[in-house]
Amino acid sequence: MDLVIKGGTVATAADSFRADVGISDGRIVAIAESLDASDVIDASGKLVLPGGIEAHCHIAQESATGGMTADDYRSGSISAAFGGNSCFIPFAAQHRGMGVTETLDLYDSRATGQSVIDWSYHLIVADPTEKALNEELPAAFARGITSFKVFMTYDLMKIDDGQFLDILTVARANGALTMVHAENSGIIRWISDRLVKAGHTAPRYHAVSHPAAAEIEAINRAITLARFLDAALMIVHVSTPEGADLVAKARLEGAKIFGETCPQYLFLTRNDLDRPGMEGAKFMCSPPVRDAATQDALWRHLQGGTFSVFSSDHAPYRFDETGKLANGPQASFKQIANGMPGLAVRLPLLFSEGVRKGRITLQQFVALASTNAARLYGLPRKGSIAVGMDADITIWDPDETRTVRVEDQHDAMDYSPFEGRELTGWPVTVLSRGRRIIDGGRLIAESGAGRFVARERPDFTGYPGGRAAELDPAFNFGAEIAP
Ligand code: DUC
Ligand code: ZN
Ligand code: ZN
């Protein structure tokens, strides 16, 4: 064995037990009461957990209007690693007029040689041409990109319901998971126009302009479309109790519907958007942060299993002219980039407020941190501690207390929305395929140490689903409509 992690408490999504973990050639090769090697990490008093998998973050990604995220694959992956992650899945964003293959090649050039942790992409589809649907999406799937994201809002990104059905059909035929940003575009435009006309342009009006109703309607529609076809769908960044209820109901009924929520919806509220001057811009994301009652309801959904994935939605735009203030210090909420950073604090927030405060078990933490994302996004060698798995391991000190500070995020940002929070439970050592990448608070890995991971077919076992009768030739008088 090349390395042994000795004396720790190993925790998976199923169990916790005292064991040593032996690593050889980047894989876990032994788990036993006592193991030895020339290289040993002493993990006594610590938790030995599967490395975090950050399944929703925006890295080296330009928006449809041209704004670039502050983090590239080097700084983003370093920040993720400091936050206990050994793998991440940012987005590769197709914009209108771009091919899918061209998009993936572009992101390959941005990530390769830069990332310190393993990575893949979710493909954002904004231009579902015939070529994209018939040739390029199946080719992307074959290349290991097994999840596609669509937007129901944003004028330059949104797809209509027919295009959504086309993408779901291709995804289903290939075994891919479609992800959706579910907000009703018409409601947002209607209310935003009225707010701006009346001079209500401060950041706090962002919360008003993205009403809960916009999310609820769009989640309902997205689930209806996916269930019509029996396609798998992940509703990302769910921010409302009613939206979460819709996800929970569909899951109970056996549909292949999955949900994700994010730290901002559990830890921030619209009062943060109402901070003085332009400070509120730091807390603008879409869908917006809501209120205390919403936080309670989303915690209950996290506890009850509605959400399979808990992601940072790290979308880093600095609080300066390169980011949030690109349209000047008095910009209207409509002209401010949506998104906030959080790669390095996703897991410490969930551990401190979830595990330490008795809201979730350590096993639920591991599932939300890593295991569920590995299964749903097709990473069978990651997400657990078992013989044969990649040695992607994070050693946690469950008792260490630190205060969140922007300088400890190791990203390219100039603020953290969670600044000043005291959290207990922090990652101390992170291994990626058996190599130390973070140790004793220091970055060890070189840029480019991470690898692209070709993902496999997501695992939808346990969700029998069922499609609309009108698609069944036995019911629809023999019409072959969708494979
Ligand atoms: N959607 C995201 O997923 N992230 C940032 C902003 C957005 O609209
Ligand atoms: Zn989104
Ligand atoms: Zn996002």
Sidechain-backbone polar pair: Arg110 side chain, Ala60 backbone, donor-acceptor under 3.5 Å: yes
Within-4.5 Å side-chain heavy-atom neighbours: Thr178 and Phe164: yes
Student check: side-chain heavy atoms of Pro348 and Pro427 closer than 4.5 Å: yes
Within the 6.0 Å centroid threshold, strictly below: Tyr121 and Phe91: no
Qualifying residues under ring-ring contact (aromatic ring centres under 6.0 Å, His included), relative to Phe258, sequence neighbours excluded: Phe460, Tyr463
Ser239 and Val289, any side-chain heavy atoms less than 4.5 Å apart: no
Minimal non-hydrogen separation, Val238 against Ala244, with atom names: CG1-N, 3.7 Å
pair Pro128-Asp166: side-chain heavy atoms closer than 4.5 Å: no
Carboxylate-amine/guanidinium contact Arg359 Glu353, below 4.0 Å: yes
Parallel, tilted or perpendicular: rings of His210 and His206 (30°, 60°): tilted
Separation between CD of Gln303 and OG1 of Thr361, rounded to the nearest 0.5 Å: 10.0 Å
Asp399 and Arg356 ion-paired at < 4.0 Å: yes
Under 3.5 Å: donor-acceptor pair, side chain of Arg251, backbone of Ile257: yes
Pair Arg221 + Asp161: basic N to acidic O under 4.0 Å: yes
Leu302 side chain reached by Thr261 side chain, heavy atoms, under 4.5 Å: yes
Check: His410 and Leu343 side chains under 4.5 Å, non-hydrogen atoms: no
By ring-ring contact (aromatic ring centres under 6.0 Å, His included) - contacts of Tyr107 (at least two apart): none
Check: Lys382 and Asp118 side chains under 4.5 Å, non-hydrogen atoms: yes
Trp299 ring center within less than 6.0 Å of Tyr265 ring center: no
Pair His237 and His56, ring centroids less than 6.0 Å apart: yes
Plane angle bin for Phe333 and Tyr205 - parallel if under 30°, tilted between 30 and 60°, otherwise perpendicular: tilted
Ile78, Asp71, Val345 screened by side chain to side chain contact (heavy atoms under 4.5 Å, CB included) with Gln409, the one that passes: Val345
Backbone of Ala80 reached by a side-chain donor or acceptor of Glu54 within 3.5 Å: no
Pair Arg402 + Glu400: basic N to acidic O under 4.0 Å: yes
Charged N-O contact under 4.0 Å between Arg74 and Asp72: no
Ion pair check, Asp272 and Arg275, cut-off under 4.0 Å: yes
Side-chain heavy atoms of Tyr377 within contact of His122, under 4.5 Å: yes
Residue among Leu266, Asn372, Leu349, Ile360 satisfying side chain to side chain contact (heavy atoms under 4.5 Å, CB included) with Phe310: Leu266
Plane angle bin for Tyr415 and Phe319 - parallel if under 30°, tilted between 30 and 60°, otherwise perpendicular: perpendicular
Short side-chain to backbone donor-acceptor contact, Lys324 and Lys282, under 3.5 Å: no
Distance (rounded to the nearest 0.5 Å) between Thr101 OG1 and Asp108 CG: 11.0 Å
